[in-house]
Amino acid sequence: MDYQFKEIEQKWQQFWAQNQTFKAEDKSSKPKYYVLDMFPYPSGAGLHVGHPLGYIASDIFARYKRLKGFNVLHPMGYDSFGLPAEQYAIQTGQHPAITTEDNIATYRRQLDQIGFSFDWSREVRTSSPDYYKWTQWIFMQLFNSWYNKDADKGQSIDKLVAHFESNGSAGINAVCDDEILSFTASEWKAFSNQQQQDELLKYRLTYLRESTVNWCPALGTVLANDEVKDGFSERGGYPVEQKKMTQWSMRITAYAERLLQGLDTIDWPEPLKEMQRNWIGKSTGASVKFPIDKSGHNAALDTDFIEVFTTRVDTIFGVTFLVIAPEHELVASLTTAGQKADIEAYIAQTKKKSELDRMADAKTVSGAFTGSYVLNPLNGQQIPIWIADYVLAGYGTGAVMAVPSGDQRDFLFAKHFNLPVVQILDIQNIETEADPTKEGAYVNSDFINGLAYKEATATVVAKLEEINAGKAKVNFRMRDAIFGRQRYWGEPVPVYFKDGLPYLIDESHLPLLLPEIDKYLPTETGEPPLGRAEDWKYEGGLAYELSTMPGWAGSSWYWYRYMDAQNDKEFASREAIEYWKDVDLYIGGSEHATGHLLYSRFWNKFLKDLDLVVEEEPFKKLINQGMIQGRSNFVYRLIDEEGRGTNTLVSHGLIKQYKTSPIHVDVNIVENEVLNIEKFKQWRPEFADAEFILEGGKYICGVEVEKMSKSKFNVVNPDDIIGRFGADTLRMYEMFLGPLEQSKPWNTNGIEGVFKFLRKFWRLFHNDAWEFGVSDAAPSKAELKSLHKIIKKVEEDVERFSFNTSVSSFMIAVNELTDLKCNNRAILQDMVIILSSYAPHICEELWSLLGNADGTLSYAPFPKFNAEYLVEDEFAYPISINGKMKMNLSISLSLDVKEIEATVLANADVQKYLDGKTPKKLIVVKGRIVNMVV
RNA sequence: GCUCAGAUGGUGGAACUGGUAGACACGCAGGACUUAAAAUCCUGUUCCCGUAAACGGAGUGCGGGUUCGAUUCCCGCUCUGAGUACCA
């Protein structure tokens, strides 16, 4: 029979499901290998052709590892809490759980069609109570923990309480809020429970804090920093504003240094690590306290100094002004009566500017003088305090010491407002711009005059410490992550409130189920949707937390749940975690670089600190699959003399001769840029009687690479491809498209080449009448050579994730075997095993036809490479003259270099090229090349 | 601006440690089969010169360098894509 992909694929997909072929063993003598895909959010649009790219790669790898004798864990699930289902609920009233369920069904159907070898018995859904019970449980562990800097790990809060009880707050080195109390053991014991809890909250790894948040009014929720792009929400593109709110936060900053260091131990793409490094943003410098000059005015100030962070404390004698952020808490009290109008006008002006304007405006200098001064702590010099929006409230202390000679922004500011610029290094050139050099010797710098950079820095820091005006400090750009959304469709936070303070619900009450509500909108009083739930109180009367967890909560630990997905006693058993340990290969998009991948590493480190998991890093090796871009096709409408569009369309090659305007056309009715005119006429009524100006009898469309989107008619659905060519072709074609990590436009041109290849492979097993038949004769040398070439090639390619090159090699192998008229069982059976990770359905069918037991292919041993079959006794040496290849000459490989030289020089054709001359030099690389210098 | 990645035929791409540039596939052209079309198969296909072949010349974004030999290594530049952005 001819290659009937539809029947074959259906048959084997059913077989795999019924027999649970890919169920991973929990206990095994085989080595483990964990291949993980980033699980999808099941959107209503279904899977598009870009999604499976990574899944196909990981599936090939997983199948390959099984053939290589590994016990492979290759699971799939759904990140099923999220905004779209809730937005849909707001519009239609349909419960998000129903929408989600429907979407998951679509995803599952689509995934099954592609023939993935997932172990579905371990499926997880973050929105299922069995799952989010453990997300809530991990939240509770975070609430019950603090970060001990001395031990450099997260620890149980009980330890902290015990310390307070015996020693008070002395000797505690913790990552905590700024305003902690200092107390003795007896004072602690004298605190009311209320006071104690209030104090402990300042240490907990998840805590409540009033902070400035990214508030998105359109979505009615707070967004994390990584969910905001250029002042707009990443999802939906709505404007985002800054707002003060009391929010749950995660003390991820406690782990900043470990998150940074850990990057050096994992095999991730360098750009991705770089993104995390930038996000963490470590900078080493010093914090300096500038005493406020209270001599003149505003004696009412309750703070004595302004603290700044600087990476160039050596430039402290070049400070000619201080700049604080307009939002800085001291602005109001520092402003003198005379400057009040100026300052207020400036603040009003910055408030109006959106973040986007502020960036576009980066070149314009703006600011206002508060009227107050600080004193340089080292020489007592009076320094004016300004406000300007180039100083960000959220970074460092929201205040900078301005050194115009060394910093370009400070320089522009000084020039604009006529402030002094002081040279501090002898070789500094500050005529037209700031010079940030660290070279040369200091001048105008008091006790560091004449010193060099390193020495000067150390000297200044020592002096500041001595007079208690500053110290060396490491600063991180990363902020604590906000952990609450004013939304319905997320995990409820397992917390209730008593006397204004949060308490965990009892563990036995987990999971805290999401209550039913009448509408998925905030309450009339502006509370989150959970405020609508009736009788939703803890133990009869206590109010629950009404915000839910953010989208990243459920995805920050899901790889552990796959290890032991049905466990109802623990998030995963100790046994399972000790066996599977961590993810060996993780494939997904780079868009999660600073979100999911950072939070996951954070939670993992925390779980490791509590000794709940065994590895410090969760994902040993990570690969980013490239983005699949859209590839739009265009037709060109002829414009008449009056500038009106006509119903005549001009083929792309001729548009220069006419006046035309481009129109997007559905890529599904275009093949190799040739428009299917019949389908086009049916596509939309307006084109039913369109006329065409053709070239060579065809209408050729224009092409452009754009985002894949419905409005551009360039979305390709994998279902359509599978319908036409089958899943095996889709799998191989997606790999054939190019290197996995490269972004590329989706382009169906060329898919037939892959389909033809599979058919050719099928034909090796069949005669001209499509009857199955293989021979049991001993394989020939040439056949064995082809086979062992491909064994080696696939091993090498898969190990380095170069899937595109092995597809080419498969084609070469099949072309060779076809030329050899090979129908040898021994050869073909090994071919089936090798190809099975790429094209599993056709291989299962052939495996079965070859007389093997159904379902044994997935665990068959990968053929062993034997180098002997590749040994050649001759090599066709390229003979080049001055590096240019001229001819090939076959020479026995048994000859040594001297003999090769002699053979080459004795050759008549070589002599013809040499034209009587003697080569100056003769380079012979055995088995590679001969080069003559003439 | 900064950081990272990349640039190879008409197209997607290959060439792994410096050693025959363009594998494999698409497209295109020609041919076979067919009444015809589709499907299938065969041949050719980097560019230039030449009717064609032999042959010759150029050629991996641009300019230089190292080397017997460079798509690969080094220096400078251009362009494209991604990330990031007043980070003190």
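Labels below follow one simple rule: chain letters A, B, ... track the order of the sequence lines, proteins then strands, and each chain is numbered from 1. The shown structure was predicted, so the numbers you read here are calculated from the model rather than taken from an experiment.
- Nucleotides of RNA chain B nearest to A:Met275 and A:Arg312 differ in position, and the one nearer the 5' end is that of A:Met275.
- Relative to the side chain of A:Leu392, the nucleotides B:A88, B:A15, B:U40 differ in distance, and B:A88 lies closest.
- Set against B:G13, B:U20, B:U11, the side chain of A:Asn747 has B:U11 as its closest nucleotide.
- At whole-Å resolution of the value, OH in A:Tyr395 and P in B:U84 are 17 Å apart.
- When distances are taken from the side chain of A:Tyr390 to each of B:U20, B:C86, B:G19, the shortest belongs to B:C86.
- Using a 4.0 Å heavy-atom cutoff across all strands shown, A:Val933 reaches sugar-phosphate atoms only and no base atom.
- Counting only heavy atoms from C-beta on, A:Asp389 has its side chain closest to B:C86 among B:A88, B:A23, B:C86.
- Comparing the C1' positions of B:C47 and B:U60 gives an interatomic distance of 13 Å, to the nearest angstrom.
- Between A:Asn815 and the phosphate of B:A25, there is a side-chain N or O to OP1/OP2 separation shorter than 4.0 Å.
- A salt bridge links A:Glu872 with A:Lys785: the closest approach of a Lys/Arg side-chain nitrogen to an acidic carboxylate oxygen falls below 4.0 angstrom.
- Comparing B:G19, B:C86, B:C24 by their nearest atom to the side chain of A:Arg928 picks out B:G19.
- Atom CG in A:Asp768 sits roughly 12 Å away from atom C1' in B:C41 (whole-Å rounding).
- Taking the side chain as every heavy atom from C-beta outward, A:Gln4 and A:Trp762 never approach each other to under 4.5 Å.
- Applying the 3.5 Å distance criterion, the base of B:C68 shares a donor-acceptor pair with the side chain of A:Asn931.
- Of the C1' atoms belonging to B:A70 and B:G19, the separation is 10 Å, rounded to the nearest Å.
- Spacing of P atoms, B:C74 relative to B:G9, comes out at 23 Å, to the nearest Å.
- Checking B:A88, B:C16, B:C68 against the side-chain heavy atoms of A:Lys793 singles out B:C16 as nearest.
- A gap of 25 Å separates the C1' atoms of B:G6 and B:A58, to the nearest Å.
- Rounded to whole Å, atom P of B:G69 lies 15 Å from atom NZ of A:Lys886.
- Atom CZ of A:Arg277 and atom P of B:A85 are 18 Å apart (whole Å).
- Rounded to whole Å, the C1' atom of B:G22 lies 16 Å from the corresponding atom of B:G27.
- The number of heavy atoms from other shown groups lying within 6.0 Å of NZ (A:Lys679) does not exceed 12.
- The only member of A:Thr320, A:Asn376, A:Ile306 that meets side-chain contact (heavy atoms from CB on, under 4.5 Å) when paired with A:Ile383 is A:Asn376.
- Taking only side-chain atoms of A:Ile929, from C-beta outward, the nucleotide of B:G19, B:G12, B:G57 with the closest atom is B:G19.
- Listed nucleotides: B:U20, B:C16, B:A88. Nearest to the side chain of A:Val391: B:A88.
- Counting only Watson-Crick or G-U wobble pairs whose defining distances are both under 3.5 Å, the stems of 3 or more consecutive pairs in RNA chain B are B:1-7 with B:78-84, B:10-12 with B:24-26, B:27-32 with B:40-45, B:46-48 with B:56-58, B:61-65 with B:73-77.
- What separates CG of A:Asn624 from P of B:G6 is a distance of 14 Å, to the nearest Å.
- Taking the salt bridge (charged side-chain N to carboxylate O under 4.0 Å, His left out) definition, one finds that A:Asp407 meets it with A:Arg409, sequence neighbours left out.
- Residue A:Asn749 contributes atom CG, which lies 10 Å from atom P of B:G12 at whole-angstrom precision.
- Ranked by how close their nearest RNA chain B nucleotide is to the 5' end, A:Ser743 and A:Gln629 are led by A:Ser743.
- Across all strands, A:Ile812 comes closer than 4.0 Å only to sugar-phosphate atoms, never to a base (heavy-atom distances).
- Distances from the side chain of A:Ser283 to the nucleotides B:U3, B:G13, B:A88 place B:A88 closest.
- In B:G6 the O4'-C1'-N dihedral to the base is more than 90° from 0, which defines an anti nucleotide.
- Looking at heavy-atom distances under 4.0 Å, A:Phe736 makes contact with a base.
- Within the structure, every side-chain polar atom (N or O) of A:Lys760 is placed at least 4.0 Å from both OP1 and OP2 of B:U40.
- Here the separation of B:C28 from B:A82, taken at their C1' atoms, is 35 Å to the nearest Å.
- In this structure, A:Lys289 satisfies the cation-pi test against A:Phe305, with its NZ or CZ atom closer than 6.0 Å to the six-membered ring centre and inside 45 degrees of the ring normal.
- Residue A:Thr903 holds its OG1 atom at 8.0 Å from CG of A:Leu889, rounded to the nearest 0.5 Å.
- Note on A:Asn804: only backbone sugar-phosphate atoms sit closer than 4.0 angstrom, heavy atoms only; bases stay farther off.
- Whole-Å rounding puts the A:Gln276 CD to B:G83 P distance at 16 Å.
- Backbone-only engagement by A:Pro739 is indicated by non-hydrogen atom pairs under 4.0 Å involving sugar-phosphate atoms exclusively.
- Rounded to a whole angstrom, the distance from the C1' atom of B:A37 to that of B:C16 is 46 Å.
- One atom, CZ of A:Arg800, and another, P of B:A15, lie 6 Å apart when rounded to the nearest Å.
- For B:G13, the OP1/OP2 oxygens have a side-chain nitrogen or oxygen of A:Gln742 closer than 4.0 Å.
- Atom CE of A:Met887 is surrounded by more than 12 heavy atoms from other residues, nucleotides or ligands within 6.0 Å.
- Take A:Asp768 and apply the salt bridge (charged side-chain N to carboxylate O under 4.0 Å, His left out) test, not counting sequence neighbours, and it matches no residue.
- For the side-chain contact (heavy atoms from CB on, under 4.5 Å) criterion with A:Val930, the lone passing option out of A:Leu922, A:Val897, A:Ile923 is A:Leu922.
- Within the 4.5 Å cutoff, no side-chain heavy atoms of A:Arg631 are placed close to those of A:Trp746.
- Nucleotides B:G83 and B:C75 are separated by 27 Å at their P atoms, to the nearest Å.
- Using a 4.0 Å heavy-atom criterion, one finds that A:Arg631 contacts no nucleic acid atom at all.
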